[in-house]
Asker: 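Here it is, the structure in full.
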Amino acid sequence: MSEPKIVPYVTAEKLRELNRRLGKEISRDYAGKLAPGEELLIVITLKGAVFFAADLVREITVPCRVDFVRVASYGAGTKSSGTVRFLKDIEVAPEGKHVIIVDEIVDSGRTLKFLSARIQAAGPKSIRICALLSKPSRREVEVDVAYLGQEVEDKFLIGYGLDYAEKYRNMDYVGYLET
Ligand code: IMP
Ligand code: MG
């Protein structure tokens, strides 16, 4: 059986450009917000955002630490049920910290809405969302993405952290499967 053909959608070069721009924006904004000795807390959503976040944080020049969270939303296939639950919570207390939540793509918006509400309840100084990609046409709940790489069409994307049944995360570009 032959492998399905992958159509390139966001090139590796474009991804590097987006990371550089996002890193600059974040560094510029937080250089003035962080007190001496203070660190930005970057909360990375497992597993998909790990690939993007690893490149992004290397473009950030203000002091930061990283932590990870894993959530799962339930539903059949690619349709979210609207229920989100924690599989792994963060380990660093967000209380009194400037927090950025990093996800690789915003689809319905439910994951990020749930996560920001959870972290907000812990009393951070601020919370902002950074996402590499966003599918505005799929939004079901409103989320304020302060730092966005780029908007994408309503296609099921793979690569650079995005998976289809756990496959394709290690591609260095984003594409979709030819149907
Ligand atoms: P949301 O809660 O519906 O916004 O879903 C967000 C999560 O669904 C993302 O963090 C991804 O893990 C996953 N997801 C959304 N769109 C895609 C896609 O096109 N390909 C692969 N995963 C996706
Ligand atoms: Mg994700």
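Atoms considered below: every heavy atom in the structure, side chains included; atoms not considered: hydrogens, waters and symmetry mates. Not measured: the values here are computed from a predicted model.
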Asker: Could you tell me which residues satisfy side chain to side chain contact (heavy atoms under 4.5 Å, CB included) with Asn170, sequence neighbours excluded, listed by chain and number?
Answerer: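 Testing Asn170 for side chain to side chain contact (heavy atoms under 4.5 Å, CB included), a comparison that skips the adjacent residues, returns none.
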
Asker: Using 30° and 60° as the class limits, which term best fits the ring planes of Phe86 and Phe114: parallel, tilted or perpendicular?
Answerer: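 Taking Phe114 first and then Phe86, their aromatic rings sit tilted (interplane angle of 30° to 60°).
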
Asker: Quick one: closest heavy-atom pair of Gly23 and Ile60, and the distance?
Answerer: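 That would be CA-CG1, 4.1 Å.
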
Asker: Mind checking side chain to side chain donor-acceptor pair (under 3.5 Å) for Arg139 and listing every partner two or more places apart, or none if nothing turns up?
Answerer: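 Residues passing side chain to side chain donor-acceptor pair (under 3.5 Å) with Arg139: Ser134.
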
Asker: Taking side chain to side chain donor-acceptor pair (under 3.5 Å) as the definition, give me every residue that meets it alongside Lys125, ordered by chain and number, with sequence neighbours left out.
Answerer: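 Counting only residues at least two positions away or on another chain, Lys125 forms a side chain to side chain donor-acceptor pair (under 3.5 Å) with Glu38.
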
Asker: Mind listing the closest non-hydrogen atom pair of Val143 and Gly109 along with its distance?
Answerer: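 That would be CG1-O, 3.5 Å.
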
Asker: Looking at Ile6 and Gly175, what are the two nearest heavy atoms and their distance?
Answerer: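 In terms of heavy atoms, the two residues are closest at CG2-CA, 4.3 Å.
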
Asker: With sequence neighbours excluded, give me every side chain to side chain donor-acceptor pair (under 3.5 Å) pair touching residues 53-68.
Answerer: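 Residue pairs with at least one partner in residues 53-68: Ser27-Thr61, Glu39-Arg65, Asp55-Arg58, Asp55-Tyr160.
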
Asker: How far apart are the closest heavy atoms of Val102 and Ala49, and which atoms are they?
Answerer: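 Taking every non-hydrogen atom into account, O-CB, 3.6 Å.
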
Asker: Restricting to salt bridge (Lys or Arg N to Asp or Glu O under 4.0 Å), what partner residues turn up for Glu17, sequence neighbours left out?
Answerer: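 Here the qualifying residues are Lys14.
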
Asker: Test: ring-ring contact (aromatic ring centres under 6.0 Å, His included). Region: residues 36-67. Which pairs qualify, not counting sequence neighbours?
Answerer: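 Applying ring-ring contact (aromatic ring centres under 6.0 Å, His included) to every pair that reaches into residues 36-67, excluding sequence neighbours, yields nothing.
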
Asker: Verify side chain to side chain contact (heavy atoms under 4.5 Å, CB included) between Phe68 and Val66, making sure each step is shown before the conclusion.
Answerer: CA-CA 7 Å; Phe68 299 91; Val66 298; 4.3 Å; yes

Asker: With Glu25, which residues qualify under salt bridge (Lys or Arg N to Asp or Glu O under 4.0 Å), at least two apart?
Answerer: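 In terms of salt bridge (Lys or Arg N to Asp or Glu O under 4.0 Å), with neighbours along the sequence ignored, Glu25 is linked to Arg21.
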
Asker: Decide whether Val141 and Val106 are clustered together by the hydrophobic rule: side chain heavy atoms of Ile, Leu, Val, Met, Phe, Trp, Tyr closer than 4.5 Å, transitively.
Answerer: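 Hydrophobic grouping puts Val141 apart from Val106.
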
Asker: Step by step, work out the side chain to side chain contact (heavy atoms under 4.5 Å, CB included) result for Glu104 and Thr45.
Answerer: CA-CA 8 Å; Glu104 78 283 15; Thr45 58; 4.2 Å; yes

Asker: According to ring-ring contact (aromatic ring centres under 6.0 Å, His included), who are the partners of Tyr173, at least two apart in sequence or on a separate chain?
Answerer: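 In terms of ring-ring contact (aromatic ring centres under 6.0 Å, His included), with neighbours along the sequence ignored, Tyr173 is linked to no residue.
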
Asker: Residues two or more places apart in sequence or in another chain: which of them pass side chain to side chain donor-acceptor pair (under 3.5 Å) with Gln120?
Answerer: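 Applying side chain to side chain donor-acceptor pair (under 3.5 Å) to Gln120 gives none.
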
Asker: Decide yes or no on side chain to side chain contact (heavy atoms under 4.5 Å, CB included) for Val10 and Leu157, but give the supporting numbers first.
Answerer: CA-CA 10 Å; Val10 188; Leu157 301 172; 5.9 Å; no

Asker: Over all heavy atoms of both residues, which pair between Leu41 and Pro94 is shortest? Give the atoms and the distance, please.
Answerer: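 Where Leu41 meets Pro94 most closely, the heavy atoms are CD2-CA, 4.0 Å.
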
Asker: The criterion is side chain to side chain donor-acceptor pair (under 3.5 Å); which residues satisfy it with Asp163, sequence neighbours excluded?
Answerer: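 Once residues adjacent in sequence are excluded, the partners of Asp163 under the side chain to side chain donor-acceptor pair (under 3.5 Å) criterion are Arg169.
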
Asker: Please identify each residue that fulfils ring-ring contact (aromatic ring centres under 6.0 Å, His included) with Tyr147, with sequence neighbours left out.
Answerer: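 Counting only residues at least two positions away or on another chain, Tyr147 forms no ring-ring contact (aromatic ring centres under 6.0 Å, His included).
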
Asker: What pairs with Lys33 under side chain to side chain contact (heavy atoms under 4.5 Å, CB included), at least two apart in sequence or on another chain?
Answerer: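 Lys33: side chain to side chain contact (heavy atoms under 4.5 Å, CB included) contacts with Tyr30, His98, Arg128.
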
